[in-house]
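Here the structure is laid out as structure tokens; the discussion comes afterwards.
Quick note: numbers below take in every heavy atom, side chains included, and nothing from hydrogens, waters or symmetry partners. Being a predicted model, the structure only gives us computed values, none of them experimental.
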Amino acid sequence: MRVPMGLAASRTAVQLGGCLLAALFGVAAAAQSAGATPNPAMVPMAAGRDGVCTTADQNAVTVVIDYQNLGGGIKKYCASNLPKGAVGMDALKAVGVGTAGTTHDGTAFVCRINGRPAAKESITIPGESEYHEHCVNTPPATAYWSYWWAKPGGSWVYSDKGVLSHRVVIGGYEGWSFSNDPDGGYGGKNPAPGLKPVAWQDPPKPSTPKPAPTRSKSPSPQPVKPKPTGSSKPQPSQSSKPAPIRSASVTPSATATPSATPGPNSPVPTESESATWSGTAVPASPTPGQTAAEASPPPPSMPAGEDPAALQSGSGPGAELMIGGALVVAVAGTAIGVAVRSRRNR
């Protein structure tokens with residue numbers, strides 16, 4: 001029976017629509033499934049560091065390892081960013097602690113931690129003074145690593161489960177202690193780790209470095225002016241005054257000097273003739289209304305070629321003669337002046 005063209009076309013459209021709906025539902029289911037699975041790249045990796053954990057560490061647990069009689073002290077680590085459901089082995093791997101299991105039990109039973117006890121180490125156990133751990137069979141109860149856990153602020157609890165099955169307490173403690181108890185036995189007789197599981201503390205606040213004080217330049221010292229001592233004022237320097245120069249007297253001419261008293265018949269020379277005759281300026285008598293200083297003639301000038309210093313010191317050729325001549329002229333002039341005055345008065 002032949003199907004009409006219209007009916008065939010409608011069937012084809014229905015089939016295509018069904019396929020399309022199925023594809024859409026498949027994509028939605030795949031998207032929902034992908035959203036439920038977390039992206040591994042978004043999950044932080046577990047990390048470890050030395051020291052106990054603080055309240056700032058996320059999804060963390062403090063790991064304590066006490067070497068006891070083996071020697072080595074107590075080591076403390078912090079395992080952080082642990083995944084949900086992490087077990088004891090996850091915490092050991094996060095802090096970088098190496099472990100070794102036994103041939104008999106595998107990694108479920110920890111035989112060595114960080115290589116201790118080594119196969120060459122001698123351990124004293126009851127009935128054997130030099131026991132060596134080769135990690136083939138399960139270690140004896142008098143020389144093995146005991147496993148502990150604790151809540152913050154609580155007490156250590158001996159774990160009844162192995163390292164692969166015990167889930168860690170986030171915010172708590174994981175403890176390992178080497179038990180070398182001569183009494184032996186698993187459980188409470190074995191020594192717990194020597195660190196007390198106290199409550200976690202807040203991380204220390206970073207200290208803000210104080211800025212270094214800036215050194216201010218010290219002002220340069222000002223020069224101190226010395227205070228004047230005493231009230232004495234500086235005396236002015238005495239400038240040397242030039243010594244006065246003595247004027248030399250005129251040497252008298254070679255004319256004969258008249259006698260001191262003229263004869264009665266001798267003509268009386270005039271004042272001008274007396275000065276010319278004697279060769280030396282004779283002081284004239286002052287006229288009425290004239291002072292003696294005005295009537296005195298000016299001093300003769302110093303002859304050319306004479307040294308003033310030689311005349312001042314009185315040295316040089318003819319100094320004695322000049323002084324003697326000057327005295328004679330002075331006496332003669334005085335005598336003539338007296339004679340003229342007496343004649344006028346007659």
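Remark: Thr124 engages no residue in a side-chain hydrogen bond (donor to acceptor under 3.5 Å, both in side chains) (not counting sequence neighbours). In terms of the side chain to side chain contact (heavy atoms under 4.5 Å, CB included) criterion, residue partners of Lys196 (sequence neighbours excluded) are, by chain and number, Val198. Residues forming a side chain to side chain contact (heavy atoms under 4.5 Å, CB included) with Val157 (at least two apart in sequence, or on another chain): Trp149.
For Tyr67 and Trp145, the gap between ring centers is short of 6.0 Å.
A continuous path of Ile, Leu, Val, Met, Phe, Trp and Tyr side chains, each step under 4.5 Å between heavy atoms, connects Tyr131 with Val110, placing both in one hydrophobic cluster.
For the pair Ser146/Trp176, no side-chain contact is recorded, criterion being any heavy-atom separation below 4.5 Å from C-beta on. Between Trp156 and Val64, some side-chain heavy-atom pair lies under the 4.5 Å cut-off. A 4.5 Å side-chain heavy-atom check between Ser122 and His132 finds at least one atom pair inside the cut-off.
Side-chain contact annotation: Gln201 with Thr55, donor-acceptor N/O pair under 3.5 Å absent. There is a side-chain donor-acceptor pair under 3.5 Å between Glu174 and Tyr147.
For residues 115-174, every residue pair satisfying the disulfide bond (SG atoms under 2.5 Å apart) rule, not counting sequence neighbours, is listed here: Cys111-Cys135. Sorted by first then second residue, the side chain to side chain donor-acceptor pair (under 3.5 Å) pairs that include residues 56-65, not counting sequence neighbours, are Arg49-Asp57, Thr54-Asp57.
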Identify each donor-acceptor pair in which a side-chain atom of residues 72-97 lies under 3.5 Å from a protein atom, sequence neighbours left out, and give them as a table.
residue : atom : partner : partner atom : Å
Asn81   : ND2  : Met45   : O            : 3.4
Asp90   : OD2  : Val87   : N            : 3.0

Using the side-chain hydrogen bond (donor to acceptor under 3.5 Å, both in side chains) rule, take Ser179 and Gln68 through it: C-alpha gap first, then chi angles, then the decisive distance, then the call.
CA-CA 7 Å; Ser179 178; Gln68 299 287 356; over 6 Å; no

So Lys161 and Arg167, side chain to side chain contact (heavy atoms under 4.5 Å, CB included) or not? Walk me through it.
CA-CA 9 Å; Lys161 296 180 181 178; Arg167 290 190 177 186; over 6 Å; no

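Put simply, the side chain of Arg116 never gets that close to the backbone of Phe178: no donor and acceptor are under 3.5 Å apart.
Contact record, Pro117 with Arg112: O-NE, 2.8 Å, taken as the closest heavy-atom pair.
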